[in-house]
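Here's the structure, in structure tokens; my notes come after.
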Amino acid sequence: MSSKATASWIATLLAALSCAAAPSGPITLRTATFELNLQPGADGRLYQREVGAAASSKDARRNEEFYPQAGDGYVFEPALQVTHADGNTSTTLLFTGATHTNEAPDIGLTRVNLRDPAYPFEVSLCFRTYHDRDVIEQWQEIHHQESRPVILERMASTSLLLPSTNTYLRHFFGDWTNEMQPVTEQLAPGMKVLDSKLGVRAGQFRNPSFILSLDGPPNETDGRVLAGSLKWSGSFQCAFDHDGQRVRALAGVNPFASAYFLKPNETFTTPVMIWVWSANGLGEMSRKFHDWARQFGIRDGNKIRSVLLNNWEATGFNFDFNRIASLFDPAKQIGAELFLLDDGWFGNKFPRTNDSAGLGDWQPNRHRLPNGLASLASEAGKRNLQFGIWLEPEMVNPKSELFENHPDWVIRQPKRDLELQRHQLVLDLTRPKVQDFEWSVIHDTLGTPGIAYAKWDCNRYLTQPGSSWLPSNRQSHLWIDYVRALYALMDKTARAFPHTELMLCSSGGGRADYGALKYFHEFWPSDNTDPVRRVIMQWDYSYFFPSMAIAGHVTHWGNRPMHFACSVAMSVRFGMDLDLTKLSAEDKAICAGAITAYKHIRDVTQLGDLYRLEDPHLEPRGALNFVARDRARAVLFVFQLKDAPAQPVLPRGLDPATRYIVRELNPAPGGPALPQEGKTFTGTELMRDGVVPSCAGALEACVVEFTANSN
Ligand code: GLA
């Protein structure tokens, strides 16, 4: 931490300590270029100066309260709504003090304590600041000592005031195979609500991440932007309440049907909200976010990811031991490092030969895999290929032994016809026996000798949210308790299998959130692997997620040219989902070339800084480049979506003085050579004059490496 930063923290601490004695302030949460200013008012409540606003001495108004409570004067969208033990539906929170501790040289934890003067009811507003990365994590801890449970009707993880003029919101909607579609709109008076009521696989229609831009529509290089991302894989609500004077951004567990009865002396900890600030547009925002994510957001964020070959698109459910084993040699020959066996390996009384049966019966199918999974893993191991396995531990098909034996283990509503999705139901993870069962499935499967990787799928959401385990007057706990039990299971998995890599999948991107990613290495963004769609989708995911966490596989979706498909997948965590034995010699050579090239550049793409250059939503091509942290190497990707005259593309983030050699990697067969191929330019020249890529026709692509010339 710089001495300036240390001084600011000491000031904050002193201010906080003086606040503890007599409410005064201010409390400033400060990171490298961001400040959040809180101020206890004369009335004892806690107020916030809007983000980005200049200091003002005017008296705080009620709609400037930082974490407003329902029922005692506040009439807009509250952050907290509680029914106390005696039935009182109002809460008043007054400032009682604050503490600050340094957790690491640039990481601080500040707790601002509030208390209701009429009830033994307290809320600690918690902030973890990552100074150098301009990231603040925020959550609340709610605690009481009333005589009976209090009902938490809503309990936002964050409630931030922003200016009302010229504030834009970018959010992301979608559906299966069409995830993460951006919408950018100016916030206007009224409430804008983005939410999920799906409970499980909650992000299917909307991602719990968004961008607020304070200076008009956001762009890559200018303007103040704030990324928000809720670490929660259950139903969520993000609300933007524009009251004509300012915008309040609220995010947290969705209050919909989720009243939570908090017992005396228990603490309710809300999910964590991540805020990432940049005063220089979206590019810097993402680089800070990615840097944070690799350190704190995902598992093993400093470890290079393997090249994976998946059998799903190649075989679907139609395979046996020999068929899978026959894919190993071609996988190894082409350069893959990890083989992932997808759905269809289990179930005996009800074999999993299609998606209508077998889920829940996680014993390897005796006909398909007579010697179990270990023998397949060992075949792969003989070729020095790692082996991974697909699992969907939370689900059951009615056609399964599990359902026959435990029909009461599923989430359903009594007196209603069972509603299936993909022929399946969700197991009730609030029930301890289900927790034990799912753990045993994970433990036994991942504990099989030779399993190095797992894809954890989740192919439906809740539509009939009833639990036969929870008491009838606690049904509303299902939404929260399910996610908590899920996280406990994921946590146990990550701890028990510290060397097993985990992919988070939910029919694609239904769980692309940092709540679950904490236990995983990567996520599957979409079942849609058409590279045309992926160029755009990967662009949009990249606002929040580093490329190493985004899995991209080459498939035949869309029947695009192989070189284009490979180049697009190479810009994220690269894999293939192809029957290599059926590829033409030319396509096979392109794939092999792409894998070799990828292995050469993946330290840069996975660990380096991302610069988004040309937006494929707006331009005939998408372009982006990654720069190694020491700026000695960089990789440029250009994806041509429509025919257009070859124009130079201007990389960013290079070291101006360094002289770089330009080299195209795995060029398309028969294509024109890059005009700058093999030549040397300074970073300044490259960033000013650009590189004319070898692609101009639709569905052509170009991957270019810049390497510092040490001569
Ligand atoms: C989901 C996943 C796919 C595949 C299938 C298997 O749809 O998203 O990648 O694993 O399940 O059934």
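First listed ligand is number 1; within each ligand, the first listed atom is number 1. For reference, positions follow the sequence shown, starting with 1. These numbers were taken from a predicted model, which means no experiment stands behind them.
- Comment: Asp530 does not engage Arg534 in a salt bridge, judged by the lack of any side-chain N to carboxylate O separation of less than 4.0 angstrom.
- Ring orientation note: the planes of Tyr598 and Phe574 are tilted relative to one another, at an angle of 30° to 60°.
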Contact table, ligand 1 N/O with protein N/O, distance under 3.5 Å:
residue, atom, partner, partner atom, Å
ligand 1, 7 (O), Asp527, OD2, 2.9
ligand 1, 8 (O), Gly508, N, 3.4
ligand 1, 8 (O), Asp527, OD1, 2.5
ligand 1, 8 (O), Asp527, OD2, 3.1
ligand 1, 9 (O), Lys455, NZ, 2.7
ligand 1, 9 (O), Asp527, OD1, 3.3
ligand 1, 10 (O), Asp342, OD1, 2.7
ligand 1, 10 (O), Asp342, OD2, 3.3
ligand 1, 10 (O), Trp390, NE1, 3.1
ligand 1, 10 (O), Lys455, NZ, 2.9
ligand 1, 10 (O), Asp457, OD2, 3.4
ligand 1, 11 (O), Asp457, OD2, 3.0
ligand 1, 11 (O), Asn459, ND2, 3.3
ligand 1, 12 (O), Asp343, OD2, 2.6
ligand 1, 12 (O), Arg422, NH1, 2.9
ligand 1, 12 (O), Arg422, NH2, 2.8

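- Between Trp439 and Phe497, the ring-plane angle classifies as tilted under the 30° and 60° cut-offs.
- Sequence neighbours left out, the pairs with a member in residues 330-342 that pass salt bridge (Lys or Arg N to Asp or Glu O under 4.0 Å) are Glu337-Arg602, Asp342-Lys455.
- In this structure, Arg533 has no salt bridge (charged side-chain N to carboxylate O under 4.0 Å, His left out) partners at least two apart in sequence or on a different chain.
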All N/O donor-acceptor pairs, side-chain side in residues 584-594, below 3.5 Å, sequence neighbours left out:
residue, atom, partner, partner atom, Å
Ser584, OG, Asp587, N, 3.1

